[in-house]
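Read through the structure below, which is laid out as structure tokens, and then see the notes.
Here is how names work: the chains are called A, B, and so on, in the same order as the sequence lines, proteins then strands, and each is numbered from 1.
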There are 2 protein chains.
Amino acid sequence: MSRRIQILRRATEVFERQGVNRTSIEDIANAVGIKREAIYYYFKSRADILLKIILPQSTSLVMGLGAIINSNLPAEEKLEAAIRNHLDRFNPNYLEMTVALREDHFLEDEGKAAELRGVWNEYTHLWTRLIEDGQEQGIFKPGLDARMVANGVLGMCNWMSRWYDPGKSIPIDKILDIFFTMVAHGIVDPGAKPPAAAKAPRRTRKAAAKD
Amino acid sequence: MSRRIQILRRATEVFERQGVNRTSIEDIANAVGIKREAIYYYFKSRADILLKIILPQSTSLVMGLGAIINSNLPAEEKLEAAIRNHLDRFNPNYLEMTVALREDHFLEDEGKAAELRGVWNEYTHLWTRLIEDGQEQGIFKPGLDARMVANGVLGMCNWMSRWYDPGKSIPIDKILDIFFTMVAHGIVDPGAKPPAAAKAPRRTRKAAAKD
DNA sequence: GGAATTTTTTACAGGGCCGTAAAAATCCTG
DNA sequence: CAGGATTTTTACGGCCCTGTAAAAAATTCC
């Protein structure tokens, strides 16, 4: 393993364990076993390291989602594949994904920050397109704001960076099934007897607040 | 407005605008219009300020959710009320909620960090209970891991800290409707003709990856 | 108006961190 | 083995930040 890859690997581990903002170049160097000034032989800056950890993940997500959208799968299978494309990145790249998503990164290098934002925006845009395509085909409910749906699904998946632990959580496949079921069909059992209140006129929020 | 409240208000604004970790005590003091040492007359530390911004939000979420769970509402209405309880906190407390949720906070004060974690854990636990109660009543699908469902819903809502902007986004009420529909009933239109491929045997992930 | 209280400023102490450049050490190749 | 290339270490420069305590200023109250 080259020194450069090793540095990225160790940096990812320390970033994940103690937080990006509480990790210094010296912390990373100690984890590698060299002096911190040596890091600058391989990387331009601390932000450079962070970018080289995050960009491959976000770019790979975009590429994978683009391929799914351009495939001939039916919309519902595209939805499943898209969620899988996202969640599978947590296994084995759990560390990188956690570093990428757990904290909102305010990078000093405005050029790099813009590049990263661009990739994430593209990813959100593709997700929105997938939802819109399904709506146009009559598979997804047309009345839902596609961008909001996309944001919701992304939130559901990205928040895994706050709780997912491969050593403790249930397998990714199971999480995928649950999340897909939630998004596609919801958690309400269709065979359940609808409560009488469901047919009542929608109460105002103020009335609800009084309860 | 007392000076203390004013400091909290300004701190929240600066934290939201430039990120918690890139905000110094001096930044906050400048926003208030006093010297930074004066901050320590009102607050023990920087982490103390952060805690006093975040705890009211998380505590209020827990209290609100507890009341919903203990109400006599049917499960589906509890679900809607729970999402509303969460999203309504973004309006008007959008700034506080963003500060609380957008970045994972690694606090130096281990006691305070544990207290905060405890509140969030309680919140997640209550959400899991709400899902389980609905499952036991036959309203929610029983086969879904309640904790995972709760994590998914929380992710959907909490990720708003990354994209919601009251000046630009659609109103909270609309977002609530969309998120509730997604979680309760999913985005797939039940009247849509299921694609033939849906009845085919599930392809292996490896086969799917080949495409 | 003066004392008490509150608030702010001044001064101080201590520590951490980023990044550059040149020299030294190590490794590799012919 | 010597020269070239790569990598690491040493030395340096600069800046930022947190928090404390005492003094000064401002405010409040009787």
A/K141 side-chain N/O to B/D189 backbone N/O, donor-acceptor pair under 3.5 Å: no
Atom pair distance, as rounded to whole Å: OH in A/Y41 and C1' in D/dT10: 17 Å
Proximal nucleotide (of C/dG19, D/dT18, C/dT7) relative to the B/I25 side chain: D/dT18
Side chain of A/K35 (C-beta onward), nearest among C/dC17, D/dT8, D/dT10: D/dT10
Nucleotide of C/dC12, D/dT18, D/dC12 approaching A/E37 most closely (side-chain heavy atoms): D/dC12
Comparing B/I34 and A/R46 on DNA chain C - which has the more 5′ nearest nucleotide: B/I34
Separation of atom CZ in A/R22 from atom P in D/dC17, rounded to whole Å: 17 Å
Backbone of B/L55 reached by a side-chain donor or acceptor of B/S58 within 3.5 Å: yes
Nearest-nucleotide 5' precedence on DNA chain D, A/R36 against A/I39: A/I39
Full working for ring pair (Phe, Tyr, Trp, His ring centres under 6.0 Å) between A/H86 and A/Y123: CA-CA 11 Å; A/H86 196 105; A/Y123 188 59; 5.6 Å; yes
Main-chain N/O of B/G66 paired with B/N70 side-chain donor or acceptor, under 3.5 Å: yes
Nearest-angstrom distance from the residue atom CD of B/E26 to C1' of C/dT9: 13 Å
A/Q6 CD to D/dT7 C1', straight-line distance once rounded to whole Å: 13 Å
Between C1' of D/dT18 and CD1 of B/I28, the distance in whole Å: 12 Å
Nearest-nucleotide pick for A/R3, side chain only, options being C/dA11, C/dG19, D/dT8: D/dT8
Distance in angstrom units between A/N30 CG and C/dC18 C1', rounded: 15 Å
Minimum-distance nucleotide (side-chain atoms of A/A38 versus C/dT8, D/dC17, D/dT9): D/dT9
Result of checking A/T23, A/N93, A/T12, A/V14 against A/V99 for side-chain contact (heavy atoms from CB on, under 4.5 Å): A/T12
Under 4.0 angstrom between A/Y42 side-chain N/O and D/dT8 OP1 or OP2: yes
Whole-Å distance separating the CZ atom of B/F43 from the C1' atom of D/dT18: 16 Å
OP1 or OP2 of D/dG19 under 4.0 Å from side-chain N/O of B/Y40: yes
